[in-house]
Amino acid sequence: MCGIVGIFNHTEASKLAYLCLYALQHRGQESTGMVTSDGQKLHTFTSMGLVNDCFHEEELKKLKGDHAIGHVRYSTSGTSELKNCQPFVVNFAGGSLAVAHNGNLTNACQLRKKLESEGAIFQSTMDTEVIMHLIAKSNKKELVDKIIDACSQVLGAYSLVFLAKDQLIVVRDSKGFRPLVIGKLGGSYIVASETCALDLVDATFRCEVEPGEVMVIDSHGMRSLKPFQQAAKKAPCIFEYIYFARPDSHIFGRDVYEMRKGFGRQLAREHPVGADLVIPVPDSGVPAAIGYAEQTGISFQMGLIRNHYVGRTFIEPEQSIRHFGVKIKLNPVRELLQGKKVIVVDDSIVRGTTCMKIVKMLREKGGAKEVHMRISSPPIAWPCFYGIDTPRREELIAAHKSVEEIRKFITADSLGYLSFEGLRWFKTLYSGEEFCDACFTGNYTVDLPDTPEIAAMAKRHCTSG
Ligand code: AMP
């Protein structure tokens with residue numbers, strides 16, 4: 001869960017990168033950072049916190065130059081602390097180089113151990129640093145060839161943007177797990193995880209970086225290289241469509257909003273129920289709830305109102321206020337819900353605790369007579385190793401409870417998940433492509449991470465078929 005951006009050839013590169021990061025804030029809220037190049041040297045700023053809290057006019061002025069890369073982080077590998085903030089910068093024989101990474105490498109531990117045994121000293125606990133060591137060690141001549149050499153040794157998910165003093169190099173892994181798009185703004189190039197960042201700076205969408213593609217952007221323009229063997233099957237992450245990407249983005253060849261609405265329509269076909277209202281869990285459930293309501297003709301209402309200003313820290317009373325964590329974020333509209341049969345649509349259930357609190361709140365505070373929960377994705381039963389922050393398998397409610405047991409746990413009158421077949425039919429219908437859906441199926445498309453804990457889990461998976 002991270003967002004990355006790159007700007008090439010703009011007199012206000014740091015300001016544009018800041019705006020793009022701002023548009024990608026939903027992809028990571030833990031830390032943010034930027035590196036710029038003035039053609040001679042790189043300038044760096046990283047900090048813990050949100051984009052708007054970290055960057056002020058003063059910092060942006062110090063980030064000199066016409067080229068920039070930036071990163072917002074939600075850690076899936078490495079701990080949450082300043083030394084693990086990105087972009088990550090190194091100085092090696094080939095000069096100064098910065099990188100911003102979205103995704104998770106699955107053989108980073110193994111490569112790191114090998115590099116350490118050969119004398120490498122690591123500054124962070126991030127998997128991304130492994131790539132930088134491999135680049136520094138490569139005996140290829142050109143920087144782009146060193147990067148290709150390094151990337152051919154790593155496994156897993158990576159959308160990367162590198163900044164050298166006069167070059168931007170962009171790489172997407174051959175499965176294409178995470179999105180990466182390129183736009184143009186006059187004579188400048190804008191690279192971003194999602195198109196919503198291009199929209200904010202008025203850039204025109206040019207293309208998605210294809211799985212396995214490397215783009216070199218420099219004073220000669222942009223050129224595409226396809227150095228990696230084409231993967232037999234691509235595996236863009238279906239969860240980007242379900243939850244993660246912003247609904248106004250266009251990624252993997254489709255509009256996220258349309259996909260989510262389609263999931264909602266399909267959900268309604270699979271799990272109809274007589275009710276007075278369809279309400280979303282805002283914001284993530286909104287497009288699917290609209291689809292559900294359109295399909296059934298049942299009135300769509302905002303029965304839960306979200307407070308958009310909930311910060312990271314708040315003082316929680318130790319006693320007396322129930323479901324506090326959810327209550328601070330969501331409040332039911334009693335006038336709408338009182339005595340009504342309500343269908344509530346959300347995009348996913350992870351641990352089940354939010355869902356249970358919402359159902360209770362709708363009944364106890366909203367006065368709903370019946371609460372029918374509808375989820376616009378299949379049950380999440382497997383952790384993600386390719387960059388989405390999901391808990392350990394034991395904590396995923398669908399890993400050890402049936403749908404009926406989950407219904408009881410969340411205390412809903414009924415519970416319906418989008419079927420796996422429904423999702424599969426839908427995604428092939430709309431894009432003709434295969435996706436990574438390991439979080440639902442446990443079918444991991446590339447090697448699992450090489451830690452003992454994961455190895456044990458993978459073994460359990462293999463033996464359970
Ligand atoms: P839970 O209480 O753990 O079942 O959380 C379910 C809620 O978390 C749903 O409203 C989802 O929109 C949201 N959600 C799903 N995946 C993630 C994720 N990786 N990080 C944060 N929230 C998520």
Side-chain angles (χ1 to χ4, degrees), residues 1-3 24-30 72-77 80 102-104 157 177-178 193 237-247 256 259-260 263-264 267 279-289 292 303-308 310 312 323-332 343-362 371 373-401 403 405-412 415-418 423 436-440:
M1 283 174 87
C2 292
L24 297 177
Q25 187 76 81
H26 61 288
R27 297 187 71 88
Q29 300 89 42
E30 241 168 53
V72 284
R73 177 162 200 259
Y74 192 111
S75 57
T76 49
S77 150
S80 175
N102 175 207
N104 238 32
F177 283 103
R178 301 283 144 229
S193 296
C237 165
I238 191 71
F239 209 64
E240 292 272 355
Y241 278 146
I242 290 167
Y243 167 79
F244 201 38
R246 243 171 69 162
V256 177
M259 291 296 279
R260 283 190 196 159
F263 296 152
L267 182 63
I279 68 165
V281 175
D283 293 324
S284 55
V286 174
Y292 193 104
L304 282 165
I305 302 299
R306 178 169 171 189
N307 182 340
H308 286 268
V310 179
R312 322 204 94 236
H323 316 310
F324 186 82
V326 166
K327 220 175 259 177
I328 194 153
K329 209 167 152 192
L330 297 170
N331 197 31
I343 297 167
V344 191
V345 181
D346 202 358
D347 65 284
S348 57
I349 296 182
V350 183
R351 293 181 176 86
T353 46
T354 312
C355 201
M356 180 253 286
K357 287 175 182 178
I358 288 171
V359 173
K360 288 195 170 167
M361 181 196 270
L362 289 169
V371 181
M373 197 75 207
R374 295 292 179 270
I375 305 296
S376 61
S377 67
I380 299 177
W382 298 93
C384 176
F385 300 113
Y386 311 128
I388 298 276
D389 179 49
T390 37
R392 292 150 58 90
R393 181 145 206 256
E394 300 74 71
E395 293 168 58
L396 295 169
I397 192 166
H400 51 85
K401 281 194 197 307
V403 174
E405 285 167 341
I406 298 171
R407 183 199 66 74
K408 281 196 186 131
F409 176 81
I410 64 171
T411 71
L415 168 65
Y417 281 96
L418 181 64
L423 183 72
C436 175
D437 49 22
C439 50
F440 308 125

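Counting starts at 1 for both ligands and their atoms, following the listed order. Below, all heavy atoms of this structure are taken into account, side chains as well, without hydrogens, waters or symmetry copies.
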Exercise. Is there a heavy atom of Phe239 sitting under 4.0 angstrom from any atom of ligand 1?
Worked result: yes
Exercise. Judged by atom type as modelled, is there a donor-acceptor pair below 3.5 Å linking the side chain of Asn102 to the main-chain atoms of Cys2?
Worked result: yes
Exercise. Has ligand 1 got any nitrogen or oxygen that is less than 3.5 angstrom from a nitrogen or oxygen of Gly352?
Worked result: yes
Exercise. Can you tell me if Glu240 uses its side chain to pair, donor with acceptor, with the backbone of Tyr243 under 3.5 Å?
Worked result: no
For this session: Could you tell me the residue and atom name of the protein heavy atom closest to atom 15 (C) of ligand 1, and the distance to it rounded to 0.1 Å?
Result: Ser348 OG, 3.1 Å
Exercise. Tell me: protein heavy atom nearest atom 19 (N) of ligand 1, and distance?
Worked result: Asp389 O, 3.1 Å
For this session: Name the closest protein heavy atom to atom 3 (O) of ligand 1, giving the residue it belongs to and the distance to 0.1 Å.
Result: Arg351 N, 2.7 Å
Seminar exercise, completed: Judged by heavy atoms only, the candidate from Ile358, Ile242, Thr354 nearest atom 2 (O) of ligand 1 is Thr354
For this session: May I ask you to identify, for Asp347, whether its side chain, its backbone, both or neither come under 4.0 Å of ligand 1 on a heavy-atom basis?
Result: side chain
Exercise. Mind checking whether Cys384 and Phe239 have side chains closer than 4.5 Å, heavy atoms only?
Worked result: no
For this session: Could you list the residues that satisfy side chain to side chain donor-acceptor pair (under 3.5 Å) with Ser284, not counting sequence neighbours?
Result: Asp346, Asp347
For this session: Output yes when a side-chain donor or acceptor of Arg260 lies under 3.5 Å from a complementary backbone atom of Tyr241, and no otherwise.
Result: yes
Exercise. Considering only heavy atoms of Ile349, which atoms of ligand 1 have at least one such atom less than 4.0 Å away?
Worked result: 4 (O)
For this session: With rounding to the nearest 0.5 Å, note down the distance linking NE2 in His308 to CG in Asp283.
Result: 4.5 Å
Exercise. Which of the atoms in ligand 1, numbered in the order shown and given with their element, are less than 4.0 Å from a heavy-atom of Ser284?
Worked result: 12 (O)
For this session: Report the nearest protein non-hydrogen atom to atom 22 (N) of ligand 1: residue, atom name, distance rounded to 0.1 Å.
Result: Tyr243 OH, 3.0 Å
Exercise. Can you tell me how far the CD1 atom of Ile380 sits from the CZ atom of Arg351, to the nearest 0.5 Å?
Worked result: 11.0 Å
Problem set entry | Val281 to ligand 1, any heavy atom closer than 4.0 Å | no
